[in-house]
Amino acid sequence: MTLWFVFAVMTAAAIFAVLLPLGMGARTPSDGREVAVYKDQLAEIERDVESGLIGKVEAEAARVEIGRRLLAAADQESEASAKPSLGLRRAAAVLALIGLPIVALAVYLPLGSPQLPDFPLTARAKPADGSQPLETLVSQVEQHLQKNPTDARGWTVLAPVLARLGRTEDAIRAYRNVIAYAGDGATKRADLGEMITAAASGVVTADAKAEFERAHALDADEPKANYYLGLAAEQDGRKDDAAGIWRGMLGKGPADAPWRPLVSAALARVGGGEVPALPSEAMAAAKDMSADDRDTMIRGMVERLATRLKQNGDDAEGWLRLVRAYVVMGDLDKARSALSDARQAVKDAERLRQLNEGVKTFGLDG
């Protein structure tokens with residue numbers, strides 16, 4: 001009913017707009033008295049000249065001005081005499097009263113529907129389908145953040161996507177903005193440190209280590225920070241310290257932790273001995289755990305390592321870590337494919353020899 005009331009008001013306004021000029025046109029602007037006044041003024045000027053009250057020059061100027069006004073008044077009277085007839089005005093009014101609603105209904109009924117629900121602006125702004133490429137969606141988010149640089153939620157969404165695309169420098173900036181606008185946190189610091197490490201081709205730099213230490217200070221059990229702190233110790237030549245960090249992670253971590261395979265492989269790499277045995281209850285939980293849940297974190301790290309090696313293929317140690325990770329996860333086909341890519345990418349003979357020596361224990365060439 002509200003919609004029809006609005007239509008009625010709009011129709012009445014349109015009719016009023018049509019009838020108003022018709023009603024104004026029916027008025028007579030003058031009844032002839034204005035012309036008579038000007039004629040009296042001309043006669044008065046003649047009397048003033050005869051009596052010597054005004055000179056001939058002033059009298060002539062006054063006659064010209066009054067004559068001009070007299071002509072204008074006469075023209076108005078002649079136009080008024082040519083006004084439309086009363087019958088034509090009535091016909092136009094009837095046409096407006098009846099014709100406008102009919103025309104409005106004739107246009108609305110085939111095109112509109114009062115039962116059609118509202119279509120919000122946010123829905124109109126969404127794409128018609130989800131087929132847009134990821135790069136296009138990322139570009140849209142980046143344009144939004146250029147206009148709203150303090151949008152914490154936008155940076156939180158964008159940062160991991162940039163990391164997935166291999167845009168490490170942009171991901172570093174995004175993670176810094178997440179911390180600046182969404183607040184500090186152990187996971188955020190660990191993610192930032194991981195991106196700094198990725199930008200340095202897998203080397204845990206001083207900046208990256210500082211971020212991992214901040215994450216550890218906020219949460220001593222943050223797994224990503226602890227793993228990379230162990231990796232930093234290994235890279236510094238402190239294998240015993242690295243083994244201690246990773247052994248502690250495996251001893252304290254849950255059986256279904258997705259990072260267990262990666263840490264186990266790292267511990268074996270530094271000769272850290274046997275992985276601490278899990279309680280029988282934990283072993284039973286691990287058997288019931290799905291592969292997707294178990295490998296979520298490790299697969300993410302491995303994918304990022306594979307992306308980096310595609311950009312910097314001469315990193316023999318990186319290739320060795322990638323092949324070892326695939327073996328630990330049980331993806332032997334991927335391990336063989338990565339080994340083949342590594343042998344083509346590594347150009348230095350000594351590095352290639354180290355790579356071949358390192359993969360001998362994996363049994364991939366047999």
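- Closest non-hydrogen pair, W155 versus P149, comes out as NE1-O, 2.8 Å.
- The two residues L218 and A186 make their nearest non-hydrogen contact at CD1-N, 3.7 Å.
- For CG of N148, the number of neighbouring non-hydrogen atoms (other residues, nucleotides, ligands) closer than 6.0 Å is greater than 12.
- For the residue pair A163 and M195, the shortest heavy atom distance occurs at CB-SD, 3.5 Å.
- Counting heavy-atom neighbours within 6.0 Å of R153 CZ, excluding the residue itself, gives a total of 12 or less.
- The residues E211 and R189 are annotated as salt-bridged, a charged nitrogen and a carboxylate oxygen being separated by less than 4.0 angstrom.
- In this structure, V204 is a member of the same hydrophobic cluster as W246, with clusters built from ILVMFWY side-chain heavy atoms closer than 4.5 Å.
- Shown here for Y181 and A152, the closest heavy-atom pair between the two residues is O-CB, 3.4 Å.
- Nearest heavy-atom pair across G202 and L231 is O-CD2, 4.3 Å.
- A salt bridge does not link E303 to R164: none of the charged nitrogens lies less than 4.0 Å from a carboxylate oxygen.
- No path of Ile, Leu, Val, Met, Phe, Trp and Tyr side chains, each step under 4.5 Å between heavy atoms, connects L192 with W259, placing them in separate hydrophobic clusters.
- Using a cutoff of 4.0 Å between basic side-chain nitrogens and carboxylate oxygens, D191 and K188 are not scored as salt-bridged.
- Put simply, L267 and I245 are part of the same group of oily side chains (I, L, V, M, F, W, Y) that touch within less than 4.5 Å, one to the next.
- Note on E142 versus R167: salt bridge recorded, some NZ/NE/NH1/NH2 to OD/OE distance being below 4.0 Å.
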